[in-house]
Amino acid sequence: MIKITFPDNSIREYESGVSGYDIARSLSNSLAKDVVAVSVNNEIWDTTRPITTDAQIKLHKFDDKEGKYTFWHSSAHLMAEALEALYPGTKFGIGPAIDNGFYYDVDPGNGAVITDADLVKIEEKMKDLAKEGLPFTRKAISKADVTKFFTQKGDEYKLELINELEDGSITLYEQGNFTDLCRGPHLPDTRAIKAIKLLNIAGAYWRGDEKRKQLTRIYGVSFPKQKMLDDHLELLEQAKARDHRKLGKELELFTFSQTVGQGLPLWLPKGTALRERLQDFLKQVQRKYGYEQVMTPHIGHKHLYETSGHYAKYGKDSFQPITTPQEGEEYLLKPMNCPHHCEIYKTKPRSYRDLPMRMAEFGTVYRYEMSGELHGLTRVRGFTQDDAHIFCRPDQLKDEFKKVIDIILYIFRILDFNDFTTQISLRNKTDHSKYIGSEENWEKAETAILEATQEKGMNTIIEYGEAAFYGPKLDFMVKDALGRSWQLGTIQVDYNLPERFELEYIGSDDQKHRPVMIHRAPFGSMERFVAVLIEHTAGKFPLWLAPEQVVVLPISEKFNEYSEKVLNFLNNCDIRSLIDLRNEKIGKKIRESELKRIPYLLIVGEKEANEGTVSVRKQSEGDQGSMTLEEFSSFIKQEVAKQIAE
RNA sequence: GCCGGUGUAGCUCAGUUGGCCAGAGCAGCUGAUUUGUAAUCAGCUGGUCGGGGGUUCGAAUCCCUCCACCGGCUCCA
């Protein structure tokens, strides 16, 4: 007998060789039916695998992370089986479960090309195979045997993977006619996979290396119940509806023109109003934190970027230099603001008493992003950073870092961004050679970030080896409507530029010292931040940000005159308002104003004109009753004040 | 940049075995209606069918090429 410990620490005895499934069945039949995997001493196992020693276990159903992982991993194998049946000779790369489903990277046999149109066919084949209820069987195998197997099959991708595995730890999984190199675990059989949807198809380089062959990646998702799949697809539809590219067009916030050039956003009046409001807000916050605004031009001499080192590193992949017609001097569209700011720092000798110096600029920069990488406002070739550079003494680093964190957290709170993740990027622990700056300074900077985030009680992921060559950093990331992750704010420590630009300050010891720089951008870029904000709010911006706050809707042309008076009043109160004087029915005016996401609609007819009131309708909530103009104005002011209160 | 897909009026889309002057709804314009909380009615205007080249008696439709967009990969100072 062996002792099995459950998550609640209760212990039960079973025969040695009992499986996760057996244990589940001993508890309840319905549990046994739903269990898809079992953690045995924190390792995920098949439910059919015999347990032969005392163990701590946890049973997983589809509703937990491990359960989904197993379910989708098995679905990937099922898809592979279908592909092998439909496209004989297909070679397989990797086929993992991901956050929202699974994919498999394949190299279809005989040069076949799989397109979107084929997905239904593959899906049908998967469903047929699933119905057969073929068991997944696990087989431990020697490296020699598994090599022989995949050599015969002619699957060079699997052979490459095997090559990197330790003999003795290799397992195969087999279901029906399909055998795959796999660590597992898997479902007991394919029958549980009831609902399947293959979503899209894409090219993916083998092992993520663009120099290697591009495989066909097929993404899919599957569920134990059709209803769950329907709900999931419904969710995807809803996400699409808040895609910033769609809303940006509908709400007339921004556009792109083929004639202007790809990746170069054109901000329309409403988008500009929104963006400027955000910028004003940030400027105001920064003023409180002792920042000073500066402005620098859109181009800079090539020497500037040679000095900074950017030209050597990125020059050949950037927009190429502009040459002056007479002297033949080369200028670059600025890809960053920091070199310019360093030159501002150098305009006069600085004392330790002057530091920290905090220089802020909404600086527009241009970067040649690869064409396939451009994406709405989140990835563009010309964008404006809410940039600032803090020049400080090494002993001020931690405090300054904390203040920047404060700004970012404050902004996120006001804008209701509660769902973000943060990542600290530090040096590669073992290889310090590729980083610039002294060991002592790095140590100081890394501890400063770690302590600062800790003291702020932040939940962070630490990634070693992700630091830039010039310093460690802290990034803030959010996901867009379709689950894609985007970096917003960033705080980076930099020892490189002060060195390259020979920045100095005179210390209290009357000696020259080198300052440290912090690069920081709470929004990241205005473009990306607005994109994420659009998706986050589904275009229903908070009142204080909305490009248009109020629309006056006369019930018929008879009340146009009174409506104009209302509009005038609102304008005088600095409430951003417009009026719909069209000869249309009120229902239509309301509908269109709602679709434009205008926060407040004021309906004005005979009653209102007589009483000097307005009938207030709040967007997506409906009729709020009537108010006098003064009441409404102070009501709006209060709501705005509440939204931007700390 | 790479793989796959898409590209028809300002917007959303129909039109593929190649064949009357290329269609609809919305928007716009004109007129009627004077309206009470998510689409009033009628008429009119509007398109080099992404650009260029080719095949054909004939191309939105087939082929080539370029461009842009979409889904990913790679990259991201």
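For the numbers below, each heavy atom of this structure counts, side chains included, while hydrogens, waters and symmetry mates do not. Labels below follow one simple rule: chain letters A, B, ... track the order of the sequence lines, proteins then strands, and each chain is numbered from 1.
- With rounding to whole Å, Q487(A) atom CD is found 11 Å from A77(B) atom C1'.
- H375(A) has a side-chain polar atom (N or O) that falls below the 4.0 Å cut-off from OP1 or OP2 of G71(B).
- With rounding to whole Å, K588(A) atom NZ is found 12 Å from G25(B) atom C1'.
- Judged by distance alone, with hydrogens and angles left aside, Y205(A) brings no side-chain donor or acceptor close enough to the base of G72(B) to form a pair under 3.5 Å.
- When the options R207(A), K158(A), R217(A) are evaluated for a salt bridge (Lys or Arg N to Asp or Glu O under 4.0 Å) with D105(A), the one that passes is R217(A).
- Nearest-nucleotide positions on RNA chain B for R245(A) and C338(A) put R245(A) closer to the 5' end.
- Partner assigned to G1(B) is C73(B), using Watson-Crick or G-U wobble distances below 3.5 angstrom.
- Comparing atom distances between the A202(A) side chain and each of A68(B), G1(B), G71(B) picks out G71(B) as nearest.
- Contact annotation for S615(A): base contact, defined as any heavy-atom pair under 4.0 Å involving a base atom.
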(request) Could you walk me through whether I122(A) and M79(A) pass side-chain contact (heavy atoms from CB on, under 4.5 Å), step by step? (result) CA-CA 7 Å; I122(A) 300 166; M79(A) 180 167 77; 4.3 Å; yes
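- Here E234(A) does not pair with K240(A) in a salt bridge; the nearest charged N to carboxylate O distance is not below 4.0 Å.
- Distance L253(A) CG to C11(B) P: 16 Å, rounded to the nearest Å.
- Between U30(B) and U45(B), the two C1' atoms lie 10 Å apart (nearest whole Å).
- Ion pairing between E548(A) and K596(A) fails under the 4.0 Å rule for side-chain N and carboxylate O.
- With distances taken from any side-chain atom of R591(A) to the nucleotides U37(B), A77(B), A39(B), the minimum falls on A39(B).
- Using a 4.0 Å heavy-atom criterion, one finds that E606(A) contacts the bases of the nucleic acid, with or without backbone contacts as well.
- Between the NZ atom of K334(A) and the P atom of A77(B) there is a distance of 18 Å, rounded to whole Å.
- Q423(A) pairs in a side-chain contact (heavy atoms from CB on, under 4.5 Å) with only one of the listed residues (Q487(A), E463(A), K473(A)), which is E463(A).
- Remark: Q214(A) is not in phosphate contact with C2(B), judged by side-chain N or O atoms under 4.0 Å from OP1 or OP2.
- Residue contacts shown for G372(A) include a base, since a base heavy atom lies under 4.0 Å away.
- Counting non-hydrogen atoms under 4.0 angstrom, Y219(A) reaches the backbone sugars and phosphates but no base.
- One C1' atom belongs to A42(B), the other to A38(B), and the distance between them is 24 Å to the nearest Å.
- R484(A) has a side-chain polar atom (N or O) that falls below the 4.0 Å cut-off from OP1 or OP2 of G71(B).
- With U37(B), G71(B), A68(B) as the candidates, the nucleotide lying closest to the side chain of I590(A) is U37(B).
- Using a 4.0 Å heavy-atom cutoff across all strands shown, S308(A) reaches no nucleic acid atom at all.
- Across all strands shown, G605(A) has heavy atoms under 4.0 Å from base atoms, whether or not it also approaches the sugar-phosphate.
- Using a 30° and 60° split on the angle between ring planes, Y366(A) and H298(A) fall in the tilted class, from 30° to 60°.
- With a cut-off of 3.5 Å on both pairing distances, U17(B) has no Watson-Crick or G-U wobble partner at all.
- A 3.5 Å limit on both hydrogen-bonding distances identifies no Watson-Crick or G-U partner for U55(B).
- Between A77(B), G36(B), G4(B), one nucleotide has an atom nearer to the side chain of I201(A) than all others, and that is G4(B).
- Partner assigned to A60(B) is none, using Watson-Crick or G-U wobble distances below 3.5 angstrom.
- Note: CD (E584(A)) to P (U30(B)) measures 13 Å, nearest angstrom.
- Across all strands shown, U12(B) forms a Watson-Crick or G-U wobble pair, both distances under 3.5 Å, with A24(B).
- For the P atoms, the distance linking G7(B) with A14(B) amounts to 9 Å, nearest Å.
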(request) Take Q492(A) and M517(A), measure what side-chain contact (heavy atoms from CB on, under 4.5 Å) needs, and give me the verdict at the end. (result) CA-CA 8 Å; Q492(A) 310 186 356; M517(A) 261 174 96; over 6 Å; no
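- Within 3.5 Å, no donor on the side chain of Q258(A) pairs with an acceptor on the base of A68(B), nor the reverse.
- Spacing between atom CG of L374(A) and atom P of G1(B) amounts to 9 Å, rounded to whole angstrom units.
- The side chain of K249(A) contributes an N or O atom lying less than 4.0 Å from OP1 or OP2 of U12(B).
- For the pairing with S577(A), the side-chain contact (heavy atoms from CB on, under 4.5 Å) check across I636(A), L570(A), I598(A) returns one residue only, L570(A).
- Side-chain N/O atoms of E608(A) and base N/O atoms of G36(B) include a donor-acceptor pair closer than 3.5 Å.
- C3(B) atom C1' lies 12 Å from atom CZ of R217(A), rounded to whole Å.
- Residue-level contact check: Y470(A) touches the backbone only, with heavy atoms under 4.0 Å from sugar-phosphate atoms and none from bases.
- Contact annotation: S371(A) side-chain N/O to G1(B) OP1/OP2 distance is under 4.0 Å.
- For E210(A) against C73(B), no side-chain N or O and base N or O form a donor-acceptor pair under 3.5 Å.
- Residues R381(A) and D317(A) both approach RNA chain B. Their nearest nucleotides, taken by heavy-atom distance, put R381(A) toward the 5′ side.
- Here, G28(B) and A9(B) have their C1' atoms 11 Å apart, quoted to the whole Å.
- Comparing G10(B) with C66(B), their C1' atoms sit 26 Å apart, to the nearest whole Å.
- Across all strands shown, G43(B) forms a Watson-Crick or G-U wobble pair with C29(B), both key distances being under 3.5 Å.
- Between the CG atom of N337(A) and the P atom of A77(B) there is a distance of 15 Å, given to the nearest Å.
- Look at R367(A) and you won't find any side-chain N or O under 4.0 angstrom from OP1 or OP2 of C75(B).
- Set against G36(B), G1(B), G4(B), the side chain of D116(A) has G4(B) as its closest nucleotide.
- Distance from the side chain of E557(A) is smallest for U34(B) among the nucleotides G4(B), A77(B), U34(B).
- Counting non-hydrogen atoms of other residues, nucleotides and ligands closer than 6.0 Å to NZ of K213(A) gives a total of 12 or fewer.
- The nucleotide whose nearest atom lies closest to any side-chain atom of A204(A) is, among A77(B), A27(B), C73(B), C73(B).
- One finds no side-chain N or O of Q262(A) lying less than 4.0 angstrom from the OP1 or OP2 phosphate oxygen of C67(B).
- Comparing the C1' positions of A60(B) and C20(B) gives an interatomic distance of 16 Å, to the nearest angstrom.
- A donor and an acceptor atom sit less than 3.5 Å apart, one in the side chain of R379(A) and one in the base of C75(B).
- For the residue pair N610(A) / K607(A), no side-chain donor-acceptor distance below 3.5 Å is found, with atom types taken as modelled.
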